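What follows is a set of notes on a single structure, which appears directly below.
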Amino acid sequence: MRKRSLRIQVWVNQEEDRKLQKHAKQSGLSREAYLRALINGYVPKMLPSIDYYTMLRELHAIGNNLNQLAAKAHATGHLDRTSFQREADDLRRAVQQIQEAVTAPEPRQSSS
């Protein structure tokens, strides 16, 4: 069963249709999902560039390297565990902030 039971049809002109298609494509959403986001008070962001995904992969690789270093240091006893944990937490926060800054929808500004 569908989650949405109401269908709404809207007539648009060619320019409006072109803009809707363009904005939906830039956000990576269908036209319907794009319009639902707007109705719910969000302006979808554009899809991030390929560079974003490359950078994210690199950050994840750094995190994996830190984990390997931690395991090795723990085995040998030559690492300040508190300092390392703080650095690993900072890396995780940085990755999360980058993801949110680039992909999270933003609330629509009120025009009143």
Side-chain angles (χ1 to χ4, degrees):
M1 180 165 183
R2 290 180 181 216
K3 291 181 180 179
R4 295 175 177 89
S5 61
L6 300 176
R7 180 179 176 157
I8 298 175
Q9 289 183 295
V10 178
W11 290 93
V12 295
N13 62 33
Q14 287 182 346
E15 180 63 17
E16 292 166 335
D17 183 54
R18 185 192 65 72
K19 286 180 182 179
L20 176 58
Q21 294 283 359
K22 175 185 167 190
H23 292 299
K25 184 177 181 178
Q26 287 175 339
S27 69
L29 299 171
S30 66
R31 290 182 311 165
E32 295 81 4
Y34 186 83
L35 289 172
R36 275 193 225 84
L38 293 173
I39 289 167
N40 288 310
Y42 294 94
V43 178
K45 289 187 178 182
M46 291 177 48
L47 283 173
S49 71
I50 299 290
D51 293 337
Y52 164 75
Y53 295 105
T54 301
M55 181 177 59
L56 205 56
R57 274 192 301 277
E58 288 178 25
L59 286 172
H60 283 294
I62 292 167
N64 288 337
N65 290 343
L66 283 172
N67 286 335
Q68 290 174 359
L69 289 171
K72 191 173 192 176
H74 182 67
T76 62
H78 297 296
L79 178 68
D80 178 358
R81 188 177 175 108
T82 304
S83 296
F84 177 81
Q85 188 61 49
R86 186 173 41 246
E87 294 300 321
D89 289 344
D90 288 345
L91 176 62
R92 279 189 213 97
R93 274 193 296 278
V95 169
Q96 184 177 5
Q97 288 171 348
I98 291 169
Q99 287 176 319
E100 289 174 4
V102 176
T103 62
E106 296 176 344
R108 185 173 42 202
Q109 298 295 319
S110 170
S111 59
S112 28

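Here, residue 1 is the first one in the sequence, and each next residue gets the next number. Bear in mind the structure is a predicted one, so any value in this text is a computation, not a measurement.
Counting non-hydrogen atoms of neighbouring residues, nucleotides and ligands closer than 6.0 angstrom, the CD atom of Glu15 exceeds 12 such neighbours. Within a 6.0 Å radius of OH in Tyr42, other residues, nucleotides and ligands contribute 12 heavy atoms or fewer.
Its side chain within the 4.5 Å cluster rule, Val10 clusters with Ile8, Val12 among the Ile, Leu, Val, Met, Phe, Trp and Tyr residues.
Residue Met55 is grouped with residue Leu66 when hydrophobic side chains (ILVMFWY) are merged at heavy-atom distances under 4.5 angstrom, including chains of intermediate members. Side-chain heavy atoms closer than 4.5 Å link hydrophobic residues (I, L, V, M, F, W, Y) into clusters, and following such links, possibly through other members, connects Ile62 to Tyr52. Leu35 and Val43 fall within the same hydrophobic cluster, where Ile, Leu, Val, Met, Phe, Trp and Tyr residues are linked whenever their side-chain heavy atoms come under 4.5 Å apart, directly or through other members.
Annotation: the span from Lys45 atom NZ to Ser27 atom OG amounts to 12.5 Å, rounded to 0.5 Å.
Between the side chains of Gln85 and Asp89, at least one donor-acceptor pair of N or O atoms lies under 3.5 Å.
Every residue two or more places apart in sequence or in another chain was checked for a salt bridge (Lys or Arg N to Asp or Glu O under 4.0 Å) with Lys19, and none qualifies. A search for side chain to side chain contact (heavy atoms under 4.5 Å, CB included) contacts involving Arg7 returns Gln9, not counting sequence neighbours. In terms of the side chain to side chain contact (heavy atoms under 4.5 Å, CB included) criterion, residue partners of Val95 (sequence neighbours excluded) are, by chain and number, Leu56, Leu59, His60, Leu91, Gln99. Shown here are the side chain to side chain contact (heavy atoms under 4.5 Å, CB included) partners of Ala33, two or more places apart in sequence or in another chain: Leu29, Ser30, Arg36.
Under the 3.5 Å distance criterion, the side-chain polar atoms of Gln21 are left unmatched by any main-chain donor or acceptor of Arg18.
For residues 20-33, the pairs satisfying salt bridge (Lys or Arg N to Asp or Glu O under 4.0 Å) are Asp17-Arg31, with sequence neighbours left out.
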